Novice: 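Quick one: structure below, then a few questions.
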Amino acid sequence: MQGVSINFFVKTGKKKPNELGEVFHFDLFGEREMKYDFLSRKDLKSVDFQEISPEKPFIFFSLQTTKDKKSIRVGLE
């Protein structure tokens, strides 16, 4: 099964130099027809995005738990 990612990058001009932008995330799992139906009924304002805060050294664009981060660090040591 293939994964698909849809991304929107918006430059507003409100961000200060050296400041990170805001990142929002939403997962949608299921069959193709259900996803098409979801996308046809929703717009960007009606999707319940969750704001995430990517942290160095691992800049993930999805929700990560403390446990996930610890196991990644151990794997790199």
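Numbers here simply count residues along the sequence, with the first being 1. When reading the values below, keep in mind they use all heavy atoms of this one structure, side chains included, and skip hydrogens, waters and symmetry mates. Note that this is a predicted model, so its numbers are computed, not measured.
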Novice: Are Phe24 and Val47 side-chain neighbours, meaning at least one heavy-atom pair lies under 4.5 Å?
Specialist: no
Novice: Of the non-hydrogen atoms in Asp48 and Phe26, which two are nearest, and what is the gap between them?
Specialist: O-CD1, 3.5 Å
Novice: Is it the case that one hydrophobic cluster holds both Phe29 and Ile6, taking links as side-chain heavy atoms less than 4.5 Å apart, direct or via other members?
Specialist: no
Novice: Counting only heavy atoms from other residues, nucleotides and ligands, does the tally under 6.0 Å from CG of Asn7 exceed 12?
Specialist: yes
Novice: What are the two closest heavy atoms between Leu28 and Lys35, and how far apart are they?
Specialist: O-CE, 3.7 Å
Novice: Looking at CD of Glu22 and NZ of Lys14, how far apart are the two atoms once the value is rounded to the nearest 0.5 Å?
Specialist: 9.0 Å
Novice: So, do Phe8 and Phe49 have ring centers that fall under 6.0 Å from each other?
Specialist: no
Novice: Distance check, rounded to the nearest 0.5 Å: Glu31 atom CD versus Asp37 atom CG?
Specialist: 13.5 Å
Novice: Let me check something: do Val23 and Val10 share a hydrophobic cluster, defined by ILVMFWY side-chain heavy atoms less than 4.5 Å apart, either directly or through other members?
Specialist: no
Novice: I'd like to know whether CZ of Arg41 has more than 12 heavy-atom contacts from other residues, nucleotides or ligands below 6.0 angstrom.
Specialist: yes
